[in-house]
Number of protein chains: 2
Amino acid sequence: MEFKLSFPINESVYIKNPDHSDIGRKIIKHGIDLINELGFEHFTFKKLAIEIGTTEATVYRYFENKHRLLLYIISWYWFYLDYLMDYRLQNMHDPKKQLEEIIQILTHELPESSGGLDYNKKYLNNIVVAESSKVYLVKEIESINQEGVFKAYKDLCRKMATVMLAYNPTYKYPHSLSSTIVETAHYQQYFVQYLPRLTDANDANKKEYANVYLTDLLFKVLG
Amino acid sequence: MEFKLSFPINESVYIKNPDHSDIGRKIIKHGIDLINELGFEHFTFKKLAIEIGTTEATVYRYFENKHRLLLYIISWYWFYLDYLMDYRLQNMHDPKKQLEEIIQILTHELPESSGGLDYNKKYLNNIVVAESSKVYLVKEIESINQEGVFKAYKDLCRKMATVMLAYNPTYKYPHSLSSTIVETAHYQQYFVQYLPRLTDANDANKKEYANVYLTDLLFKVLG
DNA sequence: CTCAAACTAATAGCAATACTATCTTTTTTA
DNA sequence: TAAAAAAGATAGTATTGCTATTAGTTTGAG
């Protein structure tokens, strides 16, 4: 028994909704696999088309370019985080516990079986950590932001900021602290794995490091 | 009377040292101008060659590809930060004042006239904020890290960690906090400008926002 | 039913990008 | 002053990013 998670991803992200056809869903699923395997710079629509047994032109009918496909994947992640936070925090009324749960969600692989979607969560996590900043670190940022494609990220930060203010109503920078926590969760995971000298992790605490570091930081900042 | 700042940038970053010839220095200077103007994705060696009145082949004699040129520019920035910190902190013995000065350096444009170099510091700052993460968020991270090209960043974090420990010897994550402060300085500046909903900045506090936010955060974390 | 409109897929092709190779000329320096 | 090194000119290749055209397939109005 499965139900299908479907998120209202901004329509200007795609040309044709990939969620409405078999080939569209293949583009997302195998897109995640291939971006994970090759890295975003080496990923191309041609390689993706070969992977899923179709042609480049078909992929271009769904997405204007590979940046838009990445934006779709990362948007899906933002919506999924938002959904997970709602779901996990709903019966949790202590803001401290809520904040701990938020960091838990941000620093661990997304749970595998929630929804009928079969995206590889390990790969999705790798992409989020290594590639997500590339969706906004582009010269076209002002025009794509005007399309509203970052709304999900902004909503997520607003939700986190609300919980922070419930914990400490006098804290002045809850939105910045939220985006800091999200971004730091990503690149501290990356640094632990690839540039450990930029962290204080070691082989023993590696696995829970980002969680422990961020929890310590968050509660010290919020007091 | 000018003296020339020269930093020991890792030799594997370039094929031929751009600092040793006129055309090499032009590649860096106009490279900074063009990457700032076009964004890293739209920047090409062909466009750079036209800009400085030479050919693509000549630029390729200095750098293997545009990623290496960016790495050179960002390495120069890391060395310059390190140098600036030494210079500004040398007669400052209070760790609290030192930490405040470090954040000041990280959240403001680099000073213009230090050294004989004529890189445009405003453009360099834009590049650091918008493009620097692209030097390590690549599939080849493990092999390029082995070349030692990130040593300057690691040394910088070590230096910052030392000051943090002087201020609070019991803090457990000084290296992570250093990289967090550096990265957060970059993207909070970016967010204030392009995605202000991810921050708590407004038109009135915009200019000093990153500084104020990070100073508050740092001293709350260190206690 | 059926025939045209609309939608989808497949093929081809083009311009830009990311290089590499070669050969000539100029500059350096031993 | 010869030879080594650097720069310039020119050409060429494979890949990338994207578009145009055509062929086939589905849909739905009469």
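A quick note: this is a predicted structure, and the numbers were derived from the prediction, not measured. So you know, we letter chains A, B, ... as the sequences are listed, proteins then strands, and number each from 1. Both backbone and side-chain heavy atoms feed into the values below; hydrogens, waters and symmetry mates do not.
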Quiz item: If you check every side-chain atom of B:S21, which of D:dA7, C:dA10, D:dG17 has the closest atom?
Solution: D:dA7
Practice problem: Indicate, with a heavy-atom threshold strictly under 4.0 Å, whether B:Y62 touches base, sugar-phosphate, or nothing. | Solution: sugar-phosphate
Quiz item: So, is A:T54 near the phosphate of C:dA10, with a side-chain N or O under 4.0 Å from OP1 or OP2?
Solution: yes
Quiz prompt | Distance in angstrom units between B:I52 CD1 and D:dG8 P, rounded | solution = 9 Å
Practice problem: Give the intermediate values and the outcome of side-chain contact (heavy atoms from CB on, under 4.5 Å) for residues B:K16 and B:I23. | Solution: CA-CA 11 Å; B:K16 189 167 136 53; B:I23 208 156; 6.0 Å; no
Exercise. May I ask you to check whether A:W76 and A:Y119 place their ring centres under 6.0 Å from each other?
Key: yes
Self-check item: A:Y72 and A:F63 aromatic centres sub-6.0 Å
Solution: yes
Self-check item: Spacing of B:L48 atom CG relative to C:dC19 atom C1', expressed in whole Å
Solution: 15 Å
Exercise. Hey, can you tell me if B:Y136 and B:F150 have their rings parallel, tilted or perpendicular (30° and 60° cut-offs)?
Key: perpendicular
Quiz item: Reckon A:T55 touches a base, only the sugar-phosphate, or nothing at all at heavy-atom distances under 4.0 Å?
Solution: base
Quiz prompt | Integer-rounded Å distance: D:dA7 P and B:R25 CZ | solution = 11 Å
Quiz item: Just how far, in rounded Å, is C1' of C:dA21 from CD1 of B:I15?
Solution: 14 Å
Quiz item: Which nucleotide sits closest to the side chain of A:T44: C:dA10, D:dC18, D:dG17?
Solution: D:dG17
Quiz prompt | Nucleotide of C:dT17, D:dT10, D:dT16 approaching B:A57 most closely (side-chain heavy atoms) | solution = D:dT10
Quiz item: How is A:E56 classified with respect to the nucleic acid when contacts are heavy atoms under 4.0 Å: base, sugar-phosphate, or nothing?
Solution: base
Quiz item: Rounded to the nearest Å, what distance is computed from the OH atom of residue A:Y60 to the P atom of nucleotide C:dC7?
Solution: 23 Å
Quiz item: Does B:K46 put a side-chain nitrogen or oxygen below 4.0 Å from OP1 or OP2 of C:dC19?
Solution: no
Quiz item: Donor-acceptor pair under 3.5 Å: do we get one between B:R61's side chain and the base of D:dA6?
Solution: no
Quiz item: Any idea which of C:dT17, C:dA18, D:dA6 is nearest the B:K16 side chain?
Solution: D:dA6
Quiz item: Base, sugar-phosphate alone, or nothing: which one does A:K66 contact when heavy atoms must sit under 4.0 Å apart?
Solution: sugar-phosphate
Quiz item: In whole Å, what is the span from the CD1 atom of A:I50 to the C1' atom of D:dT15?
Solution: 12 Å
Quiz item: What is the distance, rounded to the nearest whole Å, between atom NE2 of B:H20 and atom C1' of C:dT28?
Solution: 15 Å
Quiz item: Once you round it to whole Å, what is the distance between P of C:dT8 and CG of A:D22?
Solution: 14 Å
Practice problem: Would you indicate which nucleotide in C:dA10, D:dA7, D:dC18 comes nearest to any side-chain atom of B:I23? | Solution: D:dA7
Practice problem: Indicate the ring-plane relationship of B:F191 and B:Y187, choosing parallel, tilted or perpendicular according to the 30° and 60° boundaries. | Solution: tilted
